[in-house]
Number of protein chains: 2
Amino acid sequence: MIERIPNLLRAHGIKPSHHRIKVYEYLVEKRNHPSVDMIYQELVQNIPTLSKTTVYNILNLFLEKGLAVMITIDENETRYDADTSLHGHFRCNNCQGIYDLRLDPAAWEWESLDGFEINESHLYFKGLCPECCH
Amino acid sequence: MIERIPNLLRAHGIKPSHHRIKVYEYLVEKRNHPSVDMIYQELVQNIPTLSKTTVYNILNLFLEKGLAVMITIDENETRYDADTSLHGHFRCNNCQGIYDLRLDPAAWEWESLDGFEINESHLYFKGLCPECCH
DNA sequence: TTCATTTTTGTAATCATTCTAAATTTATAC
DNA sequence: GTATAAATTTAGAATGATTACAAAAATGAA
């Protein structure tokens, strides 16, 4: 699993440095739609010299190379997701958790988009998750 | 039209001050999903003493009272929309224009959301608009 | 090793948004 | 109408996420 990450990065035109591998590893293992700070706080424990700028640089590189997508469901901080497949998100306003929503691909086909060339699709819901509905 | 805005504000529990009326008027007349700065730059021409903080205050009040919704389709700035009905948005990465997408209400019914209580729904697409596809 | 390139780092700069307290305006009571 | 209280607006400072930048460190090739 982990030994495949360097090849995956290379396949996307990214030289697999130690930091880049660790950031990608975080994304795929946690699957928690983290902010830059969440990634930084975790990785800095094992890489004491890590700079937050590096995390920004790496994530921007991932976005550019199509290895991750940006999620703007939180108004303050950008979140990131290594799952680049077409899916939606739900954020609970109580526990702040972010859930993946697997939706029928047919649901993403909108007739009113004729003539538009779509590069990104974002579907977000906010409210209360089942646990927080009590 | 315009003389109805005070009543609409009152109906949402908002005292219709001059500034609030002007901000709401901007939203419904332009329908351009503006940022705070866009609203400010326009209104300050007729209200020279206008403060940008006031525009922020008024928009946050509108959000709270359900008179407008927040659109996070732009990564840098929050956009606002006085159309609070269920609809999607498209942002052209070339001309930066934001389009409304009227979608079949049935398309918003997602079976995988059982148990979730939805308060907000956001659907965004990014890419090239028909004009910018050449 | 040496040199060139890439990656990482720390700090400063930027910029949207919020905080705060004072000033102004509006509404109310007398 | 004046005085007082409450609501609104204002200006400037503070916050906080993100980017810019230039130096330092690491990597790779000859």
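Residue numbers begin at 1 in each chain, while the letters A, B, ... track the order of the sequences.
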Please output the side-chain donor-acceptor pairs of residues 53-66 of chain A that fall under 3.5 Å, not counting sequence neighbours, one pair per line with the distance.
{"from": "Asn57(A)", "atom 1": "ND2", "to": "Thr53(A)", "atom 2": "O", "distance (Å)": "3.4"}
{"from": "Asn60(A)", "atom 1": "ND2", "to": "Tyr56(A)", "atom 2": "O", "distance (Å)": "3.4"}

CD1 of Ile47(A) versus P of dT8(C): gap in Å, rounded? 9 Å
What's the CD1-P distance between Ile21(B) and dT26(C), to the nearest Å? 11 Å
So, with a heavy-atom separation below 4.0 Å from DNA chain C, the residues of residues 66-77 of chain B are Asn76(B), Glu77(B)
Distance test, side-chain N/O of Ser17(A) to OP1/OP2 of dT6(C), below 4.0 Å: no
Residues in salt bridge (Lys or Arg N to Asp or Glu O under 4.0 Å) with Glu42(A), at least two apart? Lys30(A)
For the side chain of His19(B), starting at C-beta, report the closest nucleotide among dT18(D), dT7(C), dT10(D). dT10(D)
What one should report as the nearest heavy-atom pair of Ile5(B) and Tyr24(B) is CG2-CD2, 3.8 Å
Looking across every strand, which nucleic acid part, if any, lies under 4.0 Å from Thr49(B) by heavy atom: base, sugar-phosphate, or nothing? sugar-phosphate
Closest approach of Ser85(A) and Asp83(A), non-hydrogen atoms and distance? OG-OD1, 2.6 Å
Take the protein atom CG of Leu50(A) and the nucleotide atom P of dA25(D), then report the distance between them rounded to whole Å. 16 Å
Nearest whole Å is fine: how far is dT17(C) P from Leu61(B) CG? 17 Å
Within the distance-only criterion (no hydrogens, no angle test), does the side chain of Thr72(A) pair as donor or acceptor with the backbone N or O of Thr72(B) below 3.5 angstrom? yes
Out of dT8(C), dT10(D), dT7(C), minimum distance to the side chain of Lys15(A) belongs to dT7(C)
Can a side-chain donor-acceptor contact be found between Arg4(A) and Asn7(A) if the only test is distance below 3.5 angstrom? no
In whole angstrom, give the distance that lies between atom CZ of Arg20(B) and atom C1' of dT26(C). 11 Å
Show the distances under 3.5 angstrom between N or O atoms of the protein and N or O atoms of nucleotides 18-25 of chain C.
{"from": "dT18(C)", "atom 1": "OP2", "to": "Asn60(B)", "atom 2": "ND2", "distance (Å)": "3.3"}

Crowded around Lys22(A) NZ? As in, over 12 foreign heavy atoms under 6.0 Å? no
Check the distance between dT19(D)'s C1' and Ile58(A)'s CD1 and give it to me in whole angstrom. 16 Å
To the nearest Å, how far apart are Arg79(B) CZ and dT17(C) P? 10 Å
Determine which pairs satisfy side chain to side chain donor-acceptor pair (under 3.5 Å) with at least one residue from residues 90-100 of chain A, sequence neighbours left out, and list them in order. His33(A)-Asp100(A), His87(A)-Asp100(A), His89(A)-Asp100(A), Arg91(A)-Asn93(A), Tyr99(A)-Glu131(A)
Set of residues satisfying salt bridge (Lys or Arg N to Asp or Glu O under 4.0 Å) with respect to Asp37(A), sequence neighbours excluded: Lys52(A)
In whole angstroms, how far is the P atom of dT17(C) from the CG atom of Leu63(B)? 11 Å
